[in-house]
Every structure is written in C-alpha cells, then in structure tokens.
There are 2 protein chains.
Amino acid sequence: MTVTIRDVARLAGVSASSVCRALATPDKVRAATRDRVQQAAAQLGYHPNRVARGLSTGRTGNLGLVVPDIANPFFSGVVKAVQNRAHECDFSVLPADTDEDVATEIELIHTLTKQVDGFLLCAPRAGDEDLRSVSGDIPVVMLNRRVGRIPSVIFDNADGVRQVITHLVALRHRRIAYVAGPKTSWVNHERARALRTLTASMGLELVEAGNVSPTYVGGVAVADVLLAASVTAVIAYNDMIALGLISQITARGVRVPQDISVVGFDDIPTADLVNPPLTTVSQPKERFGRTAVDLLVDVLGDRERPGSSRRAAPMQLVVRKTTAPNPKEFS
Amino acid sequence: MTVTIRDVARLAGVSASSVCRALATPDKVRAATRDRVQQAAAQLGYHPNRVARGLSTGRTGNLGLVVPDIANPFFSGVVKAVQNRAHECDFSVLPADTDEDVATEIELIHTLTKQVDGFLLCAPRAGDEDLRSVSGDIPVVMLNRRVGRIPSVIFDNADGVRQVITHLVALRHRRIAYVAGPKTSWVNHERARALRTLTASMGLELVEAGNVSPTYVGGVAVADVLLAASVTAVIAYNDMIALGLISQITARGVRVPQDISVVGFDDIPTADLVNPPLTTVSQPKERFGRTAVDLLVDVLGDRERPGSSRRAAPMQLVVRKTTAPNPKEFS
DNA sequence: TTGTAGGCGTTATCAA
DNA sequence: TTGATAACGCCTACAA
C-alpha cells in the first residue's frame, strides 16, 4: 500500500538504517550506496512518514498557529505571513481557528500539542493561567499579548494610540470617544489604558463606550450612545465595529466625517472603499508574523542547548492611511 | 516530562492496555478499574499522543483542507464551515494555504498526507493528473471542481449564471460583458461556458474580457477595455475584480449603476457597503463546507468496508442580495 | 476482565 | 561505512 523505508531498503539492497542515512545525511554514506538508495526512493515514490519520524525524534517540523477568527482579515494576514516565513525555515504551519471561544482554544491546543514543535498563539481571550500551563508543556510565542515571561511579539499600542490622537487633534477634535471591544481582550485594555493616559495628559475629553462585540452588529448597537455623547470623533476597537457605527450614524442623519470622524483599528481590505469614509489604522501584519516565527524558531533552537532566553523587539503600530477631511499620511 | 499511558497505568496500578480500554471503551472494563484509571488520567493531566495513536491505528482524526488563498473571504468562509462540521464529526481540520501556487499545492499535500485521514481540496489550478495521483494515495474530496471520478462538491454554476442573467435582463440589459478570472480556473471555465450558452439562446450579446488576476488590480486593469466595449452590464469573475472595476470606471466619470451595472461572484463581507453599489452573487459557503465534510467522512467510513461509492448532490448558487437600481431578492 | 506481546515507520545507538 | 536493535507512545490480538 504505502511505501515505507523498508521497501526502499529492499529494492536498494541495503538496510533500513542505510536508507535513512542516505536520505538524511548523504555525506555519511558511500557514494554508490547513496545513489542506489536515492534512485530506489525516487522509483518507488517514497516520502518519509512524518508522523513516524515525529514519534522517533520528537520533532514534527510543524508549527501550530492559533487564531481567534481566521475569517478576520487581520488574522488571515497573519496566517499568510507566518506561513511564508515558516516555509523559509523549513517548517509547516498548522493554523487553527478557535472561533473566539476560550474552551475550543484550549481543546485545540491539546489536540495539536503532539503534532507541532511549538505554538504561535493569538489567544486574546484565554486566561493567563491556561496560557502559562500550555507554555510549560511546549514552546510558545504569544502574539499581541503579554503573559508573564512567555516570549511574545506585540505592537506598540501606546505609540499607535498616540499617532491616532495626534491626528485627531490636528483636525481640532477635543472630545473623543473610544468604543471598547471584548472586555477580555488584552489589546483592548492596552488601547484603552493608553487612551486614558494620553487624553488626560493632553487635556482632552475621553468618552468610553462599550464593551461591544468586535463586529458590524456591535458597531450598530453602540451608535446611539455615541450620538448622545456629543463627541466629534470616535475611535473604534476595530474596523468591523467602525463600519457598523458609520452605517447606523449615517442612518440617523448624522454626516461622517463632517459631523463626526470615525477611526478603526486593524484593516479590512475594502474598508477604504466605504462611503462615508472610514479612517483606518493598520498594523504591519507581514513583519508581525515573520518576527513571531523567527522568535519561535529561536526558542526551538535554544531548546537543544538550553540556557539562553530571548525577548522580542516590540513592534510599531502604523497608521497607514486616512480618508479624513484633512488627509495625512503616517508611517 | 510528558505524561504517557504508562504513567497513568502505574498510578492506577493496572497495565497500559487497561488504561487504553478504560479510556477508549469504558464499557469493556470493570467499573472500579475504569474509575481508578480515569481519575489517575485526570490527576496526571494525561492526553493521548495523537501522533503515536496515528502510527498505530493509521487514523489521525485529522482532515486536510487545502485552499488557494485563506485570506480570500470565500475560502476563509469555507474553512469555518468545514471546521464546524468536522468538529461535530470528531475530526480536527488542518487548513493549508497554497498561495495560489500549484507547486506548493502538491508539496503541501505530500507533507500533510500522513498527518491526515483524507483531504478536502480547493485546488482550482493544479493539473488533473496531479490530483488523480493524490486521490490514489489517500481519500480526497474536491471542492468546486470535477476531476474524473473523484468525489466532489460543486455549485450549480449554470443555474447561478441563469439567475444573474435573468436579473440583468429584467433590468433591460442586452449587451453584457464577462470579465474572466484565471485562465486555469475550473470555475471560470464553467461560468464562461454557461454564459455563452445562455446568452446565445436568449439572443443577448456577450463580450468576453480578460483573463485577469482575481484581484482588485485585475479589475482596475480591465476597466478601459470594458468601457470601450459599450456594454451596459458587467459580470466579474469575483468581487475583488468587481471592486477594482467599479473604482476605475467611476474614476473615468462613468456612473455605476446608472450607466453600467456591475455584478461580482463570491462575497466579501463588506462588499455591500461599497459606493457606488456592487451587485453581489454569493455562494452558500456554510452548506458547501458541511456537505464536503460529510462526503469525505462517508468516504473514510466506506474505506473500512470498501465497495460503495458516493456522489455529492450539486449545490445551488444563490444570488443573495442586490443593490442594483431595481433591487430584487433571489433565493 | 486483565495482562503480555507485537507492530506501526523512523531514527539513534552501538557493534561489527 | 554498514547493519542489527531498541526506542518513541499507542493500540489490538491473543492468551491467561
């Protein structure tokens, strides 16, 4: 049925171990043997069974990547970036979608644990304890979140918030709302905190609304609250909320961005095309993903000869594009 | 380090095989033993090693899902649907993104082959021969494409095209363009063929443009050709092309949809929000994904007792929503 | 009902 | 340089 190392061995007239060597370490075997083996392997269409190899070596060549929602353009972008980089490092990526659910998050990690060498975790919801526990069993790199001493790659949310505020202030906004995303989201906390600190220090008024679900519907739901708060600008936890918001605000007869400006984090490919215009704040997913992979690969390497420990360089959050009344390009 | 079946056996004071039974077939073991084992397992936090199990049983409990672009909303929708259904059938899903590249497609399939029980393949580009070969090694279900006698789940493209044309004709369009997607796309061929047949039989004029890449840029690139063709309606291979098209057409001072109607297949979550309006044709991804999983699971089951062979019921393509001048809801 | 033994495909160790 | 042999963790006859 399926061709094994022994089939190749038989055809090449050598032992299984020689086949193994001829394929893995061609220089540790006589040239003639190597050729015979390689030809036999090719002829039979032999592919080493990675599962069996994993059992024997303890290394699978796979990286697990856990994201809350693979249909969210931000995360699918991360998946792409991770795959590209992982491939360059000779790793395969097994992406897993937790559907924003903590329970499946943990479950998925367990079923995947023995099939990967390490995890890249976008787990904004899971409890610190769970994550620490996972990190004890298997190498883990956290994305966009800090938990204890677990290696992580994060955006510089404070700086991103600063850029947004600078932008809005330049447009003469003084009373600004923040629509909070999921209460348990780490990034949400960071952004809210940064906003509070910054607006306070600049003498701006900050109105906090939410928490709402990070969806179009969430944005629709919070619109009336915002209109009643008489702010001139709104910063939304993400683009989807911002879109719902704009839709509902407009339906109420309020003009965007003349009467009220809307800014959303993350980026949906077509968000720019929306009318009325949405100011989008985007994160450099490509570099984000690459860095995360590099860090995890480092950690895996260090495991061989333990002792060293690394820390990720924090990343810039970049306001990439704006369609606000007074367009301005940040980077 | 990692807790194995033997650790549990020791703690429970039984043999490894009893642990195995107590966990897999609790009824084939004495109640007392079962309890002792289960408690020991819980206490140690034992999780069976799926890799080892796979080696022994030949079944991994994983389904491979290959898609050309996980960032494309159509495919991420399929991934979601597949995961939901697979989970109900006690399977995990390993999604793989081929980046629209035939070579990685094949490569990915090989590295995944021993880690899954079967494949769900969205491989619009790969050659028939490659796919047949894969299908010989391991159970395969093709999505949105027919290759020989490989089980497959497809949309009824002809019917979908009929709905679109009916819609446009009701709006008095007589001269209609089709913007073809990738030349090697099976679905593209099907749609073009259906369009030719149908328009001919209805006495409509069909202008074919393209092929273009299935992206925003592809749409921009083809706009001038269409304007020169003096059609009143355009059907695009997908939403991304349609968006680029609208953008460029509008930039040329032509109004959408007053001067020209644009229809796009697939659906991007925010496509409805675009202005000028885009008529979207959406496919029922949820049911699509579910059906594919069911079919593959069937095939896997039949493998045990081979002999039977199944065929997927073709699926309806549904025009779900339109923002055209004379809105009309199909379903 | 339970335990023992063998095997799944590979790699690593150790002799030869 | 090569070939037995053991081990990875689990499952399943088969025997007790």
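Quick note on labels: first sequence line is chain A, next is B, and so on, each numbered from 1. All figures in this text were calculated on a predicted structure; none of them were measured in a lab.
- For the pair Ser56(A) (side chain) and Ala52(A) (backbone), a donor-acceptor distance under 3.5 Å is absent.
- Looking at every heavy atom in both residues, Ala292(B) comes nearest to Val141(B) through O-CG1, 4.2 Å.
- Between Phe91(B) and the options Val293(B), Val297(B), Asn62(B), a side-chain contact (heavy atoms from CB on, under 4.5 Å) holds for only Val297(B).
- Look at Ser18(A) and you'll find a side-chain N or O under 4.0 angstrom from OP1 or OP2 of dG3(D).
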Check residues 26-42 of chain B and write down every donor-acceptor pair under 3.5 Å in which the side-chain atom is one partner and the other belongs to a residue at least two apart or another chain.
unit_1	atom_1	unit_2	atom_2	d
Arg34(B)	NE	Pro26(B)	O	3.4
Arg36(B)	NE	Ala12(B)	O	2.9
Arg36(B)	NH2	Ala12(B)	O	3.3

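- Summarising the geometry, the separation between CZ on Arg10(A) and P on dG3(D) is reported as 14 Å, rounded to the nearest angstrom.
- If you take NZ of Lys114(B) and C1' of dC8(C), they are 12 Å apart, rounded to a whole angstrom.
- In this structure, CG in Leu112(A) is found 11.5 Å from NE2 in His110(A), a value given to the nearest 0.5 Å.
- What separates CG of Asp7(A) from P of dC8(C) is a distance of 11 Å, to the nearest Å.
- Terminal axes of the helix from dT1(C)-dA16(D) to dA16(C)-dT1(D) (five pairs each, C1' rotation axis) are separated by 50°, to the nearest 10°.
- Summarising the geometry of Leu143(B) relative to Val78(B), their closest heavy-atom pair is CD1-CG1, 4.0 Å, with the distance given to 0.1 Å.
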Could you run down the sub-3.5 Å N/O contacts of the protein with nucleotides 6-9 of chain D?
unit_1	atom_1	unit_2	atom_2	d
dC8(D)	O2	Leu55(A)	O	3.3
dC8(D)	O2	Ser56(A)	N	3.3
dG9(D)	N2	Ala52(B)	O	3.2

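- A donor-acceptor contact closer than 3.5 angstrom is absent between the side chains of Ser185(A) and Asn188(A).
- Proximity of Asn84(A) to Glu286(A): side-chain heavy atoms (C-beta onward) are separated by under 4.5 Å at one or more points.
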Listing time: all N or O pairs from protein to nucleotides 13-16 of chain C that are below 3.5 Å?
none

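- The closest side-chain heavy-atom distance from Phe119(B) to Ile138(B) is below 4.5 Å.
- For DNA chain C, the neighbouring residues in residues 31-45 of chain B, judged by any heavy atom under 4.0 Å, are Thr33(B).
- Here the C1' atom of nucleotide dA12(C) and the CG atom of Leu23(A) are 16 Å apart, to the nearest Å.
- With hydrogens and angles disregarded, no donor-acceptor distance shorter than 3.5 Å links the side chain of His47(A) to the backbone of Thr4(A).
- In this structure, the NZ atom of Lys28(B) is 10 Å from the P atom of dT12(D), given to the nearest Å.
- Remark: the backbone N or O of Gly61(B) is paired with a side-chain donor or acceptor of Asp117(B) at under 3.5 angstrom.
- The stretch residues 74-99 of chain A participates, sequence neighbours left out, in these salt bridge (Lys or Arg N to Asp or Glu O under 4.0 Å) pairs: Lys80(A)-Asp69(B), Lys80(A)-Asp97(B), Lys80(A)-Asp99(B), Arg85(A)-Glu88(A), Arg85(A)-Asp294(A), Glu88(A)-Arg290(A), Asp97(A)-Lys80(B), Asp99(A)-Lys80(B).
- Between Asp137(B) and Lys114(B) there is no salt bridge, since none of the side-chain N atoms of the basic residue sits less than 4.0 Å from a carboxylate O of the acidic one.
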